[in-house]
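All heavy atoms count here, side chains included; hydrogens, waters and symmetry mates do not. The residues of the chain are indexed from 1 along the displayed sequence. In this text the structure is predicted, and so the values were computed from the model without any measurement.
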Amino acid sequence: MEVLYHLRFEKQNEGGFLLWISCGIIDLRKGRYFFMKYITIKNLTFSYGDNVIFKDASADIFGESRIGVVGLNGSGKTTLFHLIQKKLEPDEGSITIAPGITVGTLEQDLQLNKDLTLWEEGLRAFEDVIQIEKQMEELNQILHKTEDPEEQVRLIKQISRLSEEFESLKGYEYISRTKGVLQGLGFSQENFSLKVSALSGGQKTRFALAKLLLSKPDLLLLDEPTNHLDIESIAWLEDFLKSYTGAFMVISHDRYFLDKTVNGIIHIDNKKLNEYNGNYTEFIRKKEKRYEIQARHYKIQQSKILKIEKFIEQQRQWNRERNIIAAESRMKMLEKMERIDKPNLTEQKILIRLKTDVVSSNDVLWVEDLSKSYGSKHLFSHLTFQIRRGEKVFVTGPNGCGKSTLLKIISGKIEPDEGEFHIAKTVKTAYFDQELENLDPDNTIIDEVWAGNEKVTETQIRNLLAAFLFKGDDVFKIINTLSGGEQTRVSIAKLLLSDADFLILDEPTNNLDISSREVLENALMEFEGAVLCVSHDRYFVQKIGTRFLNFTPQGITDFTGDYEAWQERLAQEKERTESRKTEKSQKALDYLRRKELSSEYRKIKNAMERLEKEIEEIEEQIRLIETEMSDPDYSSDHERLTELQERLDEQSGILEQKYEEWASKEDAYRSFLQEHGDIIV
């Protein structure tokens with residue numbers, strides 16, 4: 001059982017008011033407190049050659065920290081993690097990890113045993129717990145065979161110590177925890193018997209994340225953990241992290257995920273680690289406020305510097321002794337002045353309005369009885385829906401259900417098996433997908449975006465490209481030399497200049513940093529045409545979506561409203577479904593699950609019954625000894641009485657140990673029944 005204390009001390013300030021000074025929550029089992037500094041980053045400076053990433057950067061990570069690490073692409077987010085992991089060494093300054101603090105990273109746990117099954121590899125996270133369990137079983141077998149009382153006492157003490165350690169590590173939960181984490185990250189029970197070698201790249205990443213979460217280090221370093229996860233798995237991960245007992249730092253472009261999980265933000269900007277309390281939305285508000293204050297202070301200081309410099313120049317022109325002394329005095333003042341950094345304009349909002357020259361029909365798209373399969377894999381059938389002008393429609397559902405396929409059919413990239421669709425003749429369509437087929441690999445960036453948009457000026461084009469981080473001579477780079485993320489940004493920039501009034505978008509925010517996503521969001525919010533979109537970016541969905549077509553095994557459901565309202569509807573439906581399941585839970589439970597839990601239950605119950613039987617036997621021996629000691633025939637036989645007293649003391653000691661072990665087992669028994677009683681009864 002974990003023992004926690006919240007320490008705080010009283011102190012009176014000068015005004016006589018009582019102050020409480022909180023010193024943290026002490027975990028006696030681990031010997032540390034939750035408000036302690038896990039990591040201290042002090043005056044960190046690091047460069048790649050001439051490229052300075054951090055300059056005199058400082059930050060603290062505490063035991064209760066849930067930190068989102070954000071910043072422009074290339075600002076140093078992953079580099080910060082590598083510095084904490086000691087994969088890189090700072091040029092100056094230090095990163096200190098508190099003694100005894102374990103740090104776990106997704107990258108470290110990618111060393112998987114490919115010859116094991118998912119279940120076997122997953123259980124390797126509990127090797128210490130499983131080893132203790134085996135030791136207890138072996139010692140219990142020895143205990144039942146030995147007749148030496150001293151050896152029995154020694155074994156009982158050893159078993160009791162191991163049992164306490166086993167329970168402190170929540171050993172009775174490791175099987176259910178392993179199953180819960182694997183299922184939460186999208187692995188069904190049928191997958192448990194798969195070899196690790198049979199997993200795809202995305203599945204291996206998800207499985208490595210599962211192993212990392214099961215190992216429960218004091219500090220998690222998570223670099224884009226929501227990649228390769230569907231929305232259900234992301235929601236599960238959010239709940240898991242909200243109840244995580246350690247600290248974590250997470251790099252993520254998923255702003256909705258950050259809003260749900262973090263209590264602080266480290267914003268890497270201008271080579272510094274800027275710390276903010278609160279989630280991502282609070283960070284945006286505070287950052288804008290900080291920018292306004294910094295801009296005002298910077299302007300005041302620059303004005304002051306200009307006046308001093310003019311004064312110095314004037315004094316030097318007069319060139320008298322007292323003027324030279326005055327000039328030197330002001331020069332020293334300038335040298336000692338702590339300069340305020342110029343506010344970074346890079347991430348300030350740039351508004352771009354999507355416009356169309358065509359006045360199109362209110363009816364944009366009709367879909368009737370659409371069906372599609374690939375070989376034996378059936379995606380969807382008999383889909384029927386319409387889209388009208390002004391609607392921002394998001395297609396949702398689990399990975400592999402056919403969302404992107406539907407968009408490809410409507411954009412004319414592939415043919416349906418059955419059914420048909422119609423786009424109004426007056427509607428101009430623009431399609432974006434991750435394959436980026438609409439880019440000419442031989443064009444420069446500026447020529448590619450400008451092509452077909454001759455009415456737009458070069459200044460407007462450059463402003464748009466700057467919003468997507470292409471500045472100066474970057475605009476003359478050739479398309480085929482760009483990374484996948486850079487090509488995505490070019491394609492989105494082209495989209496924003498098109499005069500289409502029906503946009504078909506397949507994961508448009510992938511490979512975009514947060515600043516670029518906000519440019520796209522602001523443009524789409526002002527867009528008067530229709531949008532059909534697939535996206536896992538829930539923050540993006542929340543800002544843009546007005547209607548949702550959700551793929552389910554039973555077909556497609558259609559909901560009109562914003563994302564929060566849709567989620568509330570889904571939660572209500574889930575609650576009704578769970579309520580129906582509860583009524584027939586005994587029959588509906590998976591056979592293997594019940595069998596496994598029953599096995600755990602029997603193990604605990606048998607241990608208690610064995611102890612109860614042993615206690616009864618020892619109590620009977622004590623009763624016989626006490627009866628013999630009270631026999632008048634032995635009242636004067638001091639030698640015999642001494643021998644009986646020694647036996648009585650010995651058996652009483654064994655009995656006390658058995659009672660302690662039984663009480664410990666009873667706690668585990670009650671906890672197990674509280675969590676799983678309705679399943680095994």
Side-chain angles (χ1 to χ4, degrees), residues 4-9 11 19-27 30-46 52-71 75-105 216-223 225 241-242 244-252 258-259 261-287 289-290 293-294 338 341 344:
L4 304 178
Y5 291 94
H6 188 189
L7 300 186
R8 56 183 189 174
F9 301 95
K11 182 181 179 182
L19 302 177
W20 289 104
I21 303 175
S22 177
C23 291
I25 300 175
I26 304 296
D27 182 343
K30 287 190 175 182
R32 62 180 64 125
Y33 60 94
F34 293 157
F35 293 165
M36 72 181 286
K37 286 184 183 179
Y38 277 12
I39 295 181
T40 302
I41 303 172
K42 188 174 182 181
N43 300 330
L44 173 67
T45 296
F46 179 81
V52 180
I53 306 299
F54 299 111
K55 180 68 175 176
D56 292 327
S58 299
D60 294 315
I61 309 300
F62 292 86
E64 80 282 9
S65 294
R66 282 105 165 85
I67 302 297
V69 182
V70 302
S75 62
K77 300 186 291 293
T78 300
T79 299
L80 176 63
F81 277 15
H82 287 169
L83 286 162
I84 292 173
Q85 295 171 250
K86 307 300 182 184
K87 290 185 174 183
L88 297 172
E89 291 296 328
D91 301 333
E92 296 177 18
S94 62
I95 297 180
T96 305
I97 301 175
I101 297 300
T102 56
V103 179
T105 69
K216 295 191 72 174
D218 298 309
L219 174 65
L220 286 168
L221 299 181
L222 303 173
D223 194 344
L241 290 177
K242 280 189 278 189
Y244 191 69
T245 54
F248 63 81
M249 298 174 69
V250 55
I251 299 169
S252 180
L258 293 175
D259 263 355
T261 57
V262 306
N263 59 18
I265 294 287
I266 288 180
H267 178 218
I268 302 179
D269 181 47
N270 201 25
K271 304 176 182 61
K272 303 292 186 184
L273 301 175
N274 301 301
E275 298 179 272
Y276 296 82
N277 290 325
N279 62 15
Y280 180 81
T281 298
E282 291 176 283
F283 151 69
I284 290 296
R285 178 178 57 79
K286 290 176 180 178
K287 184 187 74 168
K289 187 67 177 176
R290 178 183 286 190
I293 293 171
Q294 187 179 3
E338 187 174 344
D341 293 330
N344 190 355

Open item on the list: If I compare all heavy atoms of F248 with all of T261, which pair ends up nearest, and what's the gap?
Closed with: CZ-O, 3.5 Å
Task: Heavy atoms from other residues, nucleotides or ligands near NZ of K272 exceed 12 (cutoff 6.0 Å) - done: yes
Task: Rounded distance [0.5 Å steps], CG in D269 versus CZ in R290 - done: 9.5 Å
- [ ] Please examine the side chains of L222 and L241, heavy atoms only from C-beta on, and report whether any two atoms are closer than 4.5 Å.
- [x] yes
Open item on the list: Applying ring-ring contact (aromatic ring centres under 6.0 Å, His included), can you list everything that pairs with F46, at least two apart in sequence or on another chain?
Closed with: Y48
TODO: Any chance you could measure I41, atom CD1, to D60, atom CG, to the nearest 0.5 Å?
DONE: 8.0 Å
Task: Value rounded to 0.5 Å, distance of CD1 in I39 from CG in L219 - done: 4.5 Å
- [ ] Would you please classify the geometry between the F283 ring and the Y276 ring as parallel, tilted or perpendicular, with 30° and 60° separating the classes?
- [x] perpendicular
- [ ] Flag yes if more than 12 heavy atoms outside K86 fall under 6.0 Å of its NZ atom; otherwise flag no.
- [x] yes
Task: Non-hydrogen atoms of Q85 and L221 that approach each other most closely - done: CG-CD1, 3.9 Å
- [ ] Calculate, to the nearest 0.5 Å, the distance between atoms CZ and OG1 belonging to F62 and T40 respectively.
- [x] 7.5 Å
Task: N279: which of D259, L258, I284 passes side-chain contact (heavy atoms from CB on, under 4.5 Å) - done: D259
- [ ] Write down the atom of I266, the atom of M249, and the distance for their closest heavy-atom approach.
- [x] CD1-CE, 4.3 Å
Open item on the list: Looking at every non-hydrogen atom in both residues, tell me the closest pair between H267 and G71 and how far apart they are.
Closed with: CD2-CA, 4.1 Å
TODO: Measure across F54 and L273 and return the closest heavy-atom pair with its distance rounded to 0.1 Å.
DONE: CE2-CD2, 3.7 Å
